[in-house]
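Working notes for the structure below.
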Amino acid sequence: MEIDPRKLFIGGISWDTNEERLRDYFQTFRDVTEAVIMKDRTTGRARVFGFVVFADPVVAERVVKDKHIIYGRTVEVKKAVPRDDQQIINKGNGSVHKSSGPNCTKKDFCRQISIDSHGECVPPLSIRRL
């Protein structure tokens with residue numbers, strides 16, 4: 001899948017922000033063709049991230065460089081990367097993020113882990129034992 005230079009990932013969105021508000025905020029930078037807040041599949045409740053697509057990739061590039069506060073909350077804005085390409089990109093950084101690995105047995109534990117270069121689970125720092 002190809003990276004769309006017009007599409008941005010918006011993370012850390014407030015629970016109070018809906019798609020219309022997200023679109024309105026980014027519309028101030030120029031033409032927004034799509035604004036979506038992702039929803040939980042089982043509950044239908046909004047999650048804290050979404051995507052915005054601009055008509056012009058130059059505008060998207062400029063928006064990424066700025067700091068954004070939407071309804072009192074600082075959000076993370078970066079280029080959207082298709083899931084299939086994330087693993088390839090992360091390999092170049094020496095870390096591969098997967099939802100599970102060959103040596104992982106607990107599904108919940110493995111959701112937020114990394115797989116090292118030997119295919120071993122590496123838990124996040126917050127749950128590593130020191």
Side-chain angles (χ1 to χ4, degrees):
M1 205 175 244
E2 239 180 81
I3 294 175
D4 182 348
R6 303 169 307 130
K7 187 173 187 176
L8 301 180
F9 167 86
I10 315 298
I13 299 169
S14 163
W15 293 107
D16 298 329
T17 304
N18 59 29
E19 290 178 355
E20 183 181 348
R21 287 179 172 180
L22 186 66
R23 177 185 290 273
D24 288 348
Y25 174 82
F26 285 103
Q27 194 72 35
T28 62
F29 295 94
R30 289 286 283 268
D31 295 333
V32 171
T33 60
E34 184 178 6
V36 177
I37 294 178
M38 302 310 293
K39 295 185 177 17
D40 184 282
R41 289 181 196 168
T42 54
T43 64
R45 185 175 178 193
R47 297 175 73 186
V48 293
F49 72 95
F51 298 94
V52 172
V53 180
F54 288 93
D56 183 353
V58 174
V59 174
E61 187 72 36
R62 191 175 65 235
V63 170
V64 168
K65 294 176 182 178
D66 294 336
K67 180 179 174 182
H68 301 278
I69 300 172
I70 302 174
Y71 298 97
R73 188 163 186 164
T74 301
V75 296
E76 176 184 19
V77 177
K78 58 186 180 180
K79 290 184 180 184
V81 178
R83 250 187 215 163
D84 295 342
D85 293 343
Q86 287 177 356
Q87 183 173 347
I88 295 165
I89 290 169
N90 289 333
K91 274 186 180 179
N93 297 336
S95 86
V96 178
H97 297 284
K98 296 183 178 179
S99 59
S100 62
N103 299 321
C104 296
T105 56
K106 294 184 179 179
K107 186 176 178 183
D108 290 336
F109 172 77
C110 292
R111 283 189 181 147
Q112 298 299 319
I113 55 91
S114 297
I115 306 297
D116 68 13
S117 59
H118 304 290
E120 298 292 322
C121 293
V122 179
L125 287 173
S126 61
I127 61 172
R128 287 184 192 164
R129 294 184 186 166
L130 299 177

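- Remark: K79 pairs with E61 by the side-chain hydrogen bond (donor to acceptor under 3.5 Å, both in side chains) rule, at least two apart or across chains.
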Please list, one pair per line, the donor and acceptor atoms closer than 3.5 Å that link side chains of residues 3-15 to other protein atoms, with sequence neighbours excluded.
unit_1: D4; atom_1: OD1; unit_2: R6; atom_2: N; d: 2.9
unit_1: D4; atom_1: OD1; unit_2: R6; atom_2: NE; d: 3.2
unit_1: D4; atom_1: OD2; unit_2: R6; atom_2: NH2; d: 3.1
unit_1: S14; atom_1: OG; unit_2: D16; atom_2: N; d: 3.1

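- Within 6.0 Å of CZ in R62 there are more than 12 heavy atoms belonging to other residues, nucleotides or ligands.
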Identify each donor-acceptor pair in which a side-chain atom of residues 32-40 lies under 3.5 Å from a protein atom, sequence neighbours left out, and give them as a table.
unit_1: T33; atom_1: OG1; unit_2: V53; atom_2: O; d: 3.2
unit_1: D40; atom_1: OD1; unit_2: T42; atom_2: N; d: 2.8
unit_1: D40; atom_1: OD1; unit_2: T42; atom_2: OG1; d: 2.6
unit_1: D40; atom_1: OD1; unit_2: T43; atom_2: N; d: 2.9
unit_1: D40; atom_1: OD1; unit_2: T43; atom_2: OG1; d: 3.3

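- Judged as a side-chain hydrogen bond (donor to acceptor under 3.5 Å, both in side chains), and not counting sequence neighbours, Q27 has no contacts.
- Taking the ring-ring contact (aromatic ring centres under 6.0 Å, His included) definition, one finds that F29 meets it with Y25, H68, sequence neighbours left out.
- With values rounded to the nearest 0.5 angstrom, L22 atom CG is found 11.0 Å from F51 atom CZ.
- Residue pairs meeting the salt bridge (charged side-chain N to carboxylate O under 4.0 Å, His left out) criterion with at least one member in residues 63-73, sequence neighbours excluded, do not occur.
- Both I70 and V59 are part of a single hydrophobic cluster, where members link through side-chain heavy atoms under 4.5 Å apart.
- The side chain to side chain donor-acceptor pair (under 3.5 Å) analysis of residues 46-55, with sequence neighbours excluded, yields no pairs.
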